[in-house]
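It should be emphasised that the depicted structure is a prediction, and the values quoted were computed from it without experimental measurement.
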Amino acid sequence: METNDLIDMLLEHPGQYISGEEMSRRLSISRTAVWKQIAKLREQGYKFESAPRRGYRLVSQPDRLSQPALLQGLSGNQSLGKRIKLLTSVSSTQEEARRLAEEDAPHGTLVLAEEQTAGRGRQGRHWYSPPGKGIWMSLLLRPDRQPVSIAPQLTLLTAVAVCRAVRKFGIDAGIKWPNDVLVDGRKLCGILVESIAEDELIRYAIAGIGIDVNLQREDIPQELLPKVTSLQIASGRRIERTELIVAVLAELEQLYQLYTEKGFMPIGHLWEALSVTLGRRITVLTPDGEIVGQATALAENGALILREDSGNTRTIFSGEVQLGG
């Protein structure tokens with residue numbers, strides 16, 4: 001029995017209790033099976049009230065993405081989001097996008113999931129991706145004969161697109177090098193761009209984007225609360241996920257076209273305008289130890305230029321940035 005059958009039954013009787021016995025009879029399953037399906041639906045974000053001898057009443061249901069609504073919203077794009085794969089649950093949208101890429105899926109293919117069970121962030125970290133609360137998506141890009149060395153530029157471009165989209169919702173977001181989108185000093189979005197090369201040229205790149213949209217404080221693991229936020233926490237209101245996805249893809253479409261025509265320089269200027277890193281004293285954690293200094297500029301290849309206390313200039317290609325030092 002699909003959980004959809006049970007939900008459809010409850011939606012046919014809005015605000016009314018339906019007994020477990022009635023559900024069992026109408027769906028031809030045991031009472032135990034009914035209870036298991038209710039438990040599964042609760043895990044997916046559905047909320048129920050239960051009462052002895054009365055049964056269950058549906059109180060609220062999670063915000064669900066709709067492929068037709070997404071396609072309609074993205075109809076103005078020339079290439080990004082023309083093909084969408086929308087999943088209820090997946091281990092990682094990144095892995096699903098990679099599979100589609102190897103099957104010759106076209107440039108701009110978008111993979112979205114209501115939930116990731118093994119979402120990945122930078123440096124192999126787990127990305128917490130609960131159902132119906134965020135945007136968990138991966139976008140397939142096929143740059144035209146570009147060297148693998150430009151991959152960091154695509155990462156910064158993606159961060160600019162997400163940050164600009166978030167700001168359209170009245171939220172003062174900024175970018176911490178290279179690609180973390182922050183609000184009030186706490187992380188709102190993680191970005192992971194992975195590229196597959198052949199003969200030193202990019203065959204394809206996959207831009208993974210995870211945005212905490214409508215998570216409330218109780219949805220975030222306690223140990224992450226000092227470092228993580230969501231759009232709902234930051235703004236005090238629920239954000240329509242479809243509208244934000246459309247906004248992000250529209251920004252990506254525009255910036256990717258600009259990048260194709262003009263190169264990285266205009267993207268770099270946009271990144272600098274949104275940066276919360278440049279001009280500040282920072283600590284960079286690298287495999288070789290900590291580097292402390294002032295972030296002074298963004299290099300054309302996407303690296304960070306750092307002036308140490310000694311006056312020496314360092315070029316940082318990778319590392320974990322902490323603001324302050």
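Remark: the backbone N or O of I191 is paired with a side-chain donor or acceptor of N179 at under 3.5 angstrom. With hydrogens and angles ignored, the 3.5 Å screen pairs no side-chain donor or acceptor of S138 with any backbone N or O of G208. Distance alone, capped at 3.5 Å, is enough to place a donor-acceptor pair between the Q94 side chain and the I206 backbone. T277 contributes a side-chain N or O that, together with a main-chain N or O of W177, makes up a donor-acceptor pair within less than 3.5 Å. Formation of a donor-acceptor pair under 3.5 Å by the S275 side chain with backbone atoms of W271 is not found in this model. Remark: the backbone N or O of L225 is paired with a side-chain donor or acceptor of R186 at under 3.5 angstrom. Not a single donor-acceptor pair under 3.5 Å links the side chain of E115 to the backbone N or O of S91. Without hydrogens or angle criteria, K176 side chain to V321 main chain gives a donor-acceptor distance under 3.5 Å. For the pair D199 (side chain) and L201 (backbone), a donor-acceptor distance under 3.5 Å is absent. Listed for the D184 side chain is no donor-acceptor partner under 3.5 Å among the backbone atoms of A234.
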Inset, instruction - Go through L255 and L270 one step at a time and tell me if the side-chain contact (heavy atoms from CB on, under 4.5 Å) criterion holds. - result: CA-CA 10 Å; L255 294 177; L270 292 171; 3.6 Å; yes
Inset, instruction - Go through the steps to decide whether E49 and Y56 satisfy the test side-chain hydrogen bond (donor to acceptor under 3.5 Å, both in side chains), and finish with yes or no. - result: CA-CA 6 Å; E49 285 184 354; Y56 300 94; over 6 Å; no
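Annotation for E21: atom CD does not count as buried by contact number, only 12 or fewer foreign heavy atoms lying within 6.0 Å. By the 6.0 Å contact criterion, CD on E12 is enclosed, its count of non-hydrogen atoms from other residues, nucleotides or ligands being greater than 12. Heavy atoms from other residues, nucleotides or ligands lying under 6.0 Å from CD of Q72 number 12 at most. Annotation for R237: atom CZ counts as buried by contact number, over 12 foreign heavy atoms lying within 6.0 Å.
Salt bridge status for K133 with D219: present, with a side-chain N to carboxylate O gap under 4.0 Å. Taking a cutoff of 4.0 Å between a charged side-chain nitrogen and a carboxylate oxygen, K168 and E243 do not qualify as a salt bridge. Between D180 and K227 there is no salt bridge, since none of the side-chain N atoms of the basic residue sits less than 4.0 Å from a carboxylate O of the acidic one. Remark: R241 engages E114 in a salt bridge, criterion side-chain N to carboxylate O under 4.0 Å. Contact check on R99 versus E95 returns no salt bridge, with no Lys/Arg side-chain nitrogen under 4.0 Å from an Asp/Glu carboxylate oxygen. The pair E240-R238 meets the salt-bridge criterion, with a side-chain N (NZ, NE, NH1 or NH2) lying under 4.0 Å from an Asp/Glu carboxylate O. For R203 and E102, the salt-bridge test passes: some basic side-chain N is under 4.0 Å from an acidic carboxylate O.
The hydrophobic clustering, which links ILVMFWY residues whose side-chain heavy atoms are closer than 4.5 Å, places L274 and L298 together.
Q78 and E253 share no side-chain donor-acceptor pair at under 3.5 Å. Side-chain N/O atoms of R281 and Q294 include no donor and acceptor closer than 3.5 Å.
Once rounded to the nearest 0.5 Å, the distance linking CG of D212 with OG1 of T229 reads 8.0 Å.
Of the options T93, V90, L87, I245, a side-chain contact (heavy atoms from CB on, under 4.5 Å) to L112 is made by I245 and by none of the others.
Between I209 and T158 the shortest side-chain heavy-atom distance falls below 4.5 Å.
In this pair, Y256 and H107 present their aromatic rings tilted. The plane angle is within the 30 to 60° band.
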